[in-house]
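As the structure lists them, so they are numbered: ligands from 1, and atoms in each ligand from 1.
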Amino acid sequence: MGIVITAFERSPDGGKGLARDTRVRWALEETGKPYDVRLVSFEAMKAPPHIALQPFGQIPTYEEDGLVLFETGSIVLYLAERHAGLFPTDTDARARAISWMFAAVNTIEPPILDLVTVRIIEGDRPWAAERLPLVADRIRNRFKQLSARLGDSEWLDGDFSAGDLMMASVLLRARPSGILDEFPALAAYVARAEARPAYQRAFAAQLAINAPASSAG
Ligand code: GTB
């Protein structure tokens with residue numbers, strides 16, 4: 001069996017590429033590894049066969065020759081360690097790229113996810129309007145720090161790496177809120193990432209599945 005990943009049968013974002021299968025597709029495209037995608041419904045995601053692959057009933061998963069992985073960070077790390085294109089060869093630079101991967105999911109992503117939660121899931125709670133600006137400011141604080149570190153550099157640490165792939169994927173999630181565009185250096189960083197041919201292929205592949213029929217092209 002070759003590589004098989006799972007993705008939403010139909011992503012709630014309608015093809016904006018914000019669901020997490022996009023980052024795994026992107027990593028696979030950067031490495032040039034062919035892969036298949038198994039689409040799963042919300043119902044199937046919560047059923048025992050999928051729970052056996054992903055204990056939390058989520059997508060994406062990664063299967064290859066009997067190996068089953070979940071968590072996008074771990075999947076991208078696995079790919080980066082085994083295939084050229086996502087990690088530098090220098091061991092210290094590789095360790096720093098891993099730091100950026102963790103920073104993406106552990107430091108930058110949590111307040112972004114909080115904002116999504118307060119807007120979509122908790123939006124009707126009486127305290128939501130009070131909480132929302134606090135969460136938005138937490139994102140701004142992290143973006144300010146990240147932008148200061150990025151400076152005028154093209155990527156976070158030398159050449160493009162899995163650290164940039166994870167960071168750009170996480171930052172993309174903040175674009176609909178408008179906060180990403182408040183930080184022009186970060187918006188330009190994300191735009192550079194999106195311009196990569198591998199990202200374009202990954203985005204097009206998920207769009208072909210998720211876009212409403214009229215805009216799928
Ligand atoms: N930490 C895990 C990982 O990185 O792999 C998180 C996986 C995860 O959150 N998966 C989501 C999922 O399966 C899909 S990506 N959710 C269903 C569930 O938990 O029941 C999150 C997502 C969903 C929708 C949008 N959107 O519509 O914009 C964006 C991102």
Side-chain angles (χ1 to χ4, degrees), residues 3-28 30 35 37-64 67-81 86 97-123 132 135-136 139 162-181 190 193-194 199 202-212 215-216:
I3 296 169
V4 180
I5 67 166
T6 51
F8 281 133
E9 191 175 55
R10 194 120 190 131
S11 175
D13 74 356
K16 291 195 183 76
L18 300 177
R20 285 182 176 79
D21 58 291
T22 302
R23 38 183 103 159
V24 173
R25 291 172 184 271
W26 182 9
L28 284 160
E30 291 283 352
Y35 63 99
V37 182
R38 188 170 66 248
L39 302 177
V40 286
S41 64
F42 277 97
E43 197 186 356
M45 279 162 60
K46 308 302 172 193
H50 188 79
I51 300 285
L53 306 178
Q54 216 287 7
F56 311 110
Q58 299 181 312
I59 60 93
T61 56
Y62 178 99
E63 293 163 81
E64 184 179 17
L67 172 71
V68 180
L69 297 176
F70 60 95
E71 284 295 331
T72 48
S74 83
I75 297 168
V76 173
L77 178 60
Y78 174 83
L79 290 170
E81 279 177 336
L86 284 169
I98 294 171
S99 292
W100 282 116
M101 294 180 71
F102 275 85
V105 293
N106 257 359
T107 303
I108 303 293
E109 193 167 41
I112 296 173
L113 295 182
D114 264 359
L115 190 72
V116 175
T117 303
V118 76
R119 277 203 164 139
I120 296 170
I121 300 170
E122 302 169 348
L132 199 134
V135 176
I139 299 176
D164 296 296
L165 186 151
M166 290 301 292
M167 189 62 80
S169 299
V170 162
L171 293 176
L172 267 167
R173 194 84 194 269
R175 187 186 273 155
S177 70
I179 298 177
L180 180 63
D181 289 333
V190 170
E194 288 177 299
Y199 178 84
F203 183 87
Q206 67 74 35
L207 182 66
I209 293 162
N210 294 312
S215 59

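Judged purely by atom type and a 3.5 angstrom limit, Arg25 has no side-chain atom pairing as donor or acceptor with the backbone of Arg20.
For Glu71, a nitrogen or oxygen atom sits less than 3.5 Å from a nitrogen or oxygen atom of ligand 1, counting backbone and side chain alike. Polar contact with ligand 1: present for Thr72 (N/O pair, distance under 3.5 Å). Checking only distances, Gln58 does come within under 3.5 Å of ligand 1, N or O to N or O. For ligand 1, one of its N or O atoms has an N or O atom of Ile59 under 3.5 Å away.
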List the steps and the verdict of side chain to side chain contact (heavy atoms under 4.5 Å, CB included) for Thr6 and Phe70.
CA-CA 10 Å; Thr6 51; Phe70 60 95; over 6 Å; no

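Closest approach of Met101 and Gly73 over heavy atoms only: CE-O, 3.5 Å. Annotation for Glu63 and Leu53: closest pair OE2-CD1, 3.6 Å, computed over non-hydrogen atoms. Taking each heavy atom of Leu39 and Phe8 in turn, the nearest pair found is CD2-O, 3.6 Å. Minimum heavy-atom separation, Leu18 to Asp13: N-OD2, 2.7 Å. Nearest heavy-atom pair, Arg23 versus Ser169, reported as atom, atom and distance to 0.1 Å: CB-OG, 3.5 Å. Summarising the geometry of His50 relative to Gln58, their closest heavy-atom pair is NE2-O, 2.7 Å, with the distance given to 0.1 Å.
Residue Leu18 approaches ligand 1 through these ligand atoms, each under 4.0 Å from one of its heavy atoms: 28 (O), 29 (C), 30 (C).
Using a 4.0 Å cutoff on heavy atoms, Met45 counts as a contact of ligand 1. Contact annotation: Lys16 has no heavy atom less than 4.0 Å from any atom of ligand 1. Taking 4.0 Å as the cut-off, Phe8 counts as a neighbour of ligand 1 on heavy-atom distance.
When the options Arg173, Lys46, Arg20 are ranked by their closest heavy atom to atom 18 (C) of ligand 1, first place goes to Lys46.
Given atom 27 (O) of ligand 1, the protein heavy atom at minimum distance is Asp13 N, 3.1 Å. Counting protein heavy atoms only, atom 24 (C) of ligand 1 is closest to Pro12 CG, 4.1 Å.
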